[in-house]
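Encoded as C-alpha cells, the structure appears first; notes follow it.
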Amino acid sequence: MNPMRALSLTLGWLLIALVAFTGPAQAQQAEDGGDPAAYATLAELLEDEQARQQLIDRLRDLAGDSPAPRPETATPPSATPEAEPSLPRQLAEATSRIVSDVGDQFENLVGVVGALFTGRLGGGDGSFDTAAFTSAAINLGLVILATFALFVGFRRLVKPLFTGISQWSLNGAGLTPVLRLVLCVALAALVDVLVVALAYVGGNLIATFAIGETGELSTRASLFLNAFLVIELLKAAVRMLFSSRYEGLRLLPITAAEASYWNRWIARLIGLVGYGLMVMVPLINAYLAPALGQGIATLIMFGAFVYAVAVVLKNRLRLRDAIDVKANQATMAASRVSLQLFARTWHLFALAYFLMVLVLTLTRPADALPFVLFATLKTLAAVVVGMLLSSLLSQTIGRRITLSEDLRRKLPLLEPRLNSYVPNALRVIRTIILIVVVMVVLSAWDAFDLAAWYASEAGRGLVGKLVSVAVILAIAVAAWLGLASLIEHKLNPETGGGVPSARTQTLLTLFRNALAITIITMTAMIVLAEIGINIGPLIAGAGVLGLAIGFGAQKLVQDIITGIFIQVENAMNTGDVVTVGGITGTAERLSIRSVGIRDLNGTYHIVPFSSVDTVSNYMREFGYHVGEYGIAYRESIDEAIVALREAFDELAASDDHKMNILAPLEVAGVVALADSSVNIRVRIKTTPGTQWATGRAYNRLVKLHFDAKGIEIPFPHTTLYFGVGKEAEAPPANLRVMQQGFDIDGRPGGQPSSGESSRASEDDPRAKPNPVFRGDFDED
C-alpha cells in the first residue's frame, strides 16, 4: 500500500476513535454528578494568561480600584530603562519561547488523550444528545454532498470552454507565447472562480431552504461552506500552476504526468489541513471540548507535516534531475547557475517551509492558519509573477532585434547596437525583479516590513534614487543612439546626400568619439550627484589633476593642440596618401592625438602630431605624373615627342585609365642634356591617388612606342678622349669591345688585328675576362 495513503487512513481512523471515545467519557461524567463543564471552563480560564488578566482587571473595575501595573511591566521610579537586548539574546529568547509553546501543545495533546481514556474530559453542559448529533451529522452530510455535486456539475458544463481556451493558448496567433499563456490562464482562473462561487451559493441556498429548518443557515453548514470556498479557491490557484488536463493552461513547464502528481498531492494536503482545521476542529470545540479541538488541530498539523516531509524526500532526486534538465536548456549563464543551485537545495526550502508552518500553528493557534494562508498566497503570487516576467524577458533577450530593411539600409549600425544594449538592460531588469520578489516574500512572512520600509524616508529615498538613475541612464542611451544614428545617416552614401568627403568623414568620426566621451562623463557625474555623492571635490580634484598633467605631459598637450589645428585646416583625412614625420603612406586612423600610417611595405606607423612639422598630402583635388624620358644623342627629339604623344593617346583611350586622366599631355620639352641621354619631361594630370597607377601604365606604353620607332633609350656610357694638340696631331683612340671568342668584327679568338699597337694586359688583375677592350690608333 502507498505509505502516504496509509498515513492518511491512520489519521482518519485516529480522529474517528477520538470522537467515538468522547461519548462514553461524557456519560461517565454525567453519572458521577456535579458540574464538570463549569470546572473545566474555570480551569481553562485560569490557564489562559490573557483571559486571567482580563478577569482580574474586570474585578478591580467592579471594586472601584485602579488597575495595578502588571509585575512584568512595572518599572521602579528610580530605575532607568534597560538597554535593548542584543541580537543573540533575542534569538535565544525567541527559540526558548517557541520550544516552550510547542512543548505545551504536545503536553496538552497528551493530556487530552489521557482524559479521553480516563473519562475526565468535560465539555458543553455535561450531556451529549445522540439524536441531535445524528441529525446534525446527516444534515451536514447532505449539504456536503449537494455542494460537491453542484461543483462537479458546473465543472463538467465548463469543460468545453476550458478545452477551447487551452487550444487557443497552444495554437493561437497574434501574441507572444508567454502573453498568450498568461491571458488564457487568467481567463480559465476566472471561470474556475465563478464555478466555485456558484457551487458555494448553491450550497448556501440548499442548506438554507432545503435542509434543516427552512430559512436558517446552521453553524455547521456555514463552517463547511466557508471552508469549501477557501479550499477550492486555493485548489483553483494550484490548478493554474499544475493543470494536468489542459496543456495550454499550465504555467509551469512540466509534463502532464508530473502536473497530475503534484496537483493531486497538494490538493490532498490542502483538503486535509483546511477541512480539518476549519470544519472538524470548530465542531469539536462546540459539541465536545475546546481542549479536545486544540489537540485534534495539533494532531492534524503534525500529520500534515509528516506527510509533506515524506513526499518531499521521496521526490528529492527526481525533481532535482528535472530541474537540471531545464538548467542545461537555459541559454543564459546566470539562469543556468541559479537553476542548478535550486535543483540541489529545493527540498531544503520545502522542508523549512513546512517546519515553519508547523511551528506557527503550534505557537499561534488562534491566527496561524490565516497568516500562513495569506503568506503562502502572497509568496506564490510573487514567485509566479516574477517567473512570468522573467520568462517574457528571457524570450526577448534570446530573440534578436530585427529592424526593417529600409531602416537597416539607412542606419546600418543601429541594429547591432540595439542588440548589444537592450539585452544588458533586460538583464538588469531581471535582477531588479528578483530583488523585488525576495522582498515581497520576506514581507509576506513578516521577516521584512516592505510597506513600512517604503513609507520611511530611507526607503522612499532609495527607490527615488534608483528610478532617477534609471531615467538618467535611459535618457543618456537614447541620446547616444539618436546622435550616433544621425552621424551614421550623414556618413551613409545612400541616404546622407551622396558619398561624404574624406574631411566630412574624418570630422564626423572624431565628433562621434568626442560625443561618446562627453555623454559618458556627464552621465557618470549626474548619476554620482543623484545617488548623493558630492561631485564638487571630484570636479575640483579633476581640475587640479588636469593642471598637473598639463605641466607634466606637455607633449600630450602639444599632440592634441596640433591635432586640432590639423583637422581644422583639413591637412589630411583618413585614406589620404601623405608624408608625415618623414614617413609616407596611407593614413588609416586619425585621432585627436596621432595618425596611423601604413607604408608601402605594409608597416603600420603611429606618428604623434607633436613630431609633425610638415604634412605632404598627395590626395588633394588632383595629382600629376611627372616623367623624364632619356633618348640617345643621335635620335630626333621631335620624333621622340611624337612617340610620347602617341603613347599618351593610347593611354587615354584605355578603359582602365581614361577616367583618371583630367587634362591632355603636357610636354615640357628637353630639360637636361645628360652625360649619355637627352631628357624630355612630360606631365599627366590625374585624379587624386591615381597618379602612380597612371604613371606605371604610361611608362609601359612609352617603352613599346620607342621600340616600335627604333628610338634608343641609352644606357649610361663614357667617351674616352686622349686629347688633341693645337695642330690636331693626336686623334682619339679607337676602342673595341671584345666578346668571348669573337671581337666586334666577328674575328674568332678575340685576337687583335694587325697594326694594333696596344691592348688590355691579360696579367692585369683588374682586367676582366669578358669583355676585352682593345684600341687602334690611326695616324690619319
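- Distance check: H625 NE2 to T690 OG1 gives 11.5 Å after rounding to the nearest 0.5 Å.
- The two residues V670 and L673 come nearest to each other via the heavy atoms CG1-CD2, 4.1 Å.
- Going from atom OG1 of T518 over to atom CH2 of W480 covers 10.0 Å, rounded to the nearest 0.5 Å.
- The closest donor-acceptor contact from the side chain of S677 to the backbone of A674 lies at 3.5 Å or more, if one exists at all.
- The closest side-chain heavy-atom distance from V642 to D638 is not below 4.5 Å.
- Considering all non-hydrogen atoms of both residues, I661 and A652 come closest at CD1-CA, 3.8 Å.
- In terms of heavy-atom proximity, I711 sits nearest to A643 at CD1-CB, 4.2 Å.
- A587 and V578 get closest at one heavy-atom pair: CB-CG2, 4.5 Å.
- No side-chain donor-acceptor contact under 3.5 Å links N601 to the backbone of T603.
- Other residues, nucleotides and ligands place more than 12 heavy atoms under 6.0 Å from the CE atom of M659.
- Counting non-hydrogen atoms of other residues, nucleotides and ligands closer than 6.0 Å to CZ of R589 gives a total above 12.
- For the atom pair CE (M525) and OG1 (T523), the distance works out to 11.0 Å, reported to the nearest 0.5 Å.
- Between A697 and L651, the closest heavy-atom pair is CB-CD1, 3.7 Å.
- A 4.5 Å side-chain heavy-atom check between R620 and D576 finds at least one atom pair inside the cut-off.
- A distance of 6.0 Å separates CD in Q340 from CG in N328, rounded to the nearest 0.5 Å.
- The nearest pair of heavy atoms linking S636 to I631 is O-CD1, 4.1 Å.
- Counting heavy atoms from C-beta outward, L644 and V667 have side chains that stay 4.5 Å or more apart.
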Inset, instruction - I would like to know whether W692 and T686 meet side chain to side chain contact (heavy atoms under 4.5 Å, CB included); could you show each step before the answer? - result: CA-CA 9 Å; W692 298 284; T686 66; over 6 Å; no
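- The side-chain heavy atoms of V595 and F609, taken from C-beta on, include a pair separated by under 4.5 Å.
- Side-chain N or O atoms of N617 include one that pairs as donor or acceptor with a backbone N or O of A571 at under 3.5 Å.
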Inset, instruction - Check the pair E646, L701 against side chain to side chain contact (heavy atoms under 4.5 Å, CB included), reporting the backbone distance first and the verdict last. - result: CA-CA 9 Å; E646 291 177 353; L701 294 176; over 6 Å; no
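- Ionic pairing of K685 and E666 is not present here: no N-O contact between side-chain nitrogen and carboxylate oxygen is shorter than 4.0 angstrom.
- With E628 contributing its side chain and N679 its backbone, the two residues share no donor-acceptor pair below 3.5 Å.
- Proximity of a side-chain donor or acceptor of E639 to a complementary backbone N or O of I637 within less than 3.5 Å is not detected.
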Legend entry - From CA spacing to verdict: side chain to side chain contact (heavy atoms under 4.5 Å, CB included), V678, E635: CA-CA 9 Å; V678 177; E635 302 296 344; over 6 Å; no
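- Checked for salt-bridge contact, D649 and R645 miss the test: no charged N lies under 4.0 Å from a carboxylate O.
- Here the side chains of L665 and Y698 are in contact, with some heavy-atom distance below 4.5 Å.
- One finds the CD atom of E530 at 10.0 Å from the CG atom of L466 (value rounded to the nearest 0.5 Å).
- How far CG of L434 is from CD1 of I429: 14.0 Å, rounded to the nearest 0.5 Å.
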Inset, instruction - Please test T584 against Y618 for side chain to side chain contact (heavy atoms under 4.5 Å, CB included), starting from the C-alpha separation and ending with a verdict. - result: CA-CA 10 Å; T584 301; Y618 302 94; 4.1 Å; yes
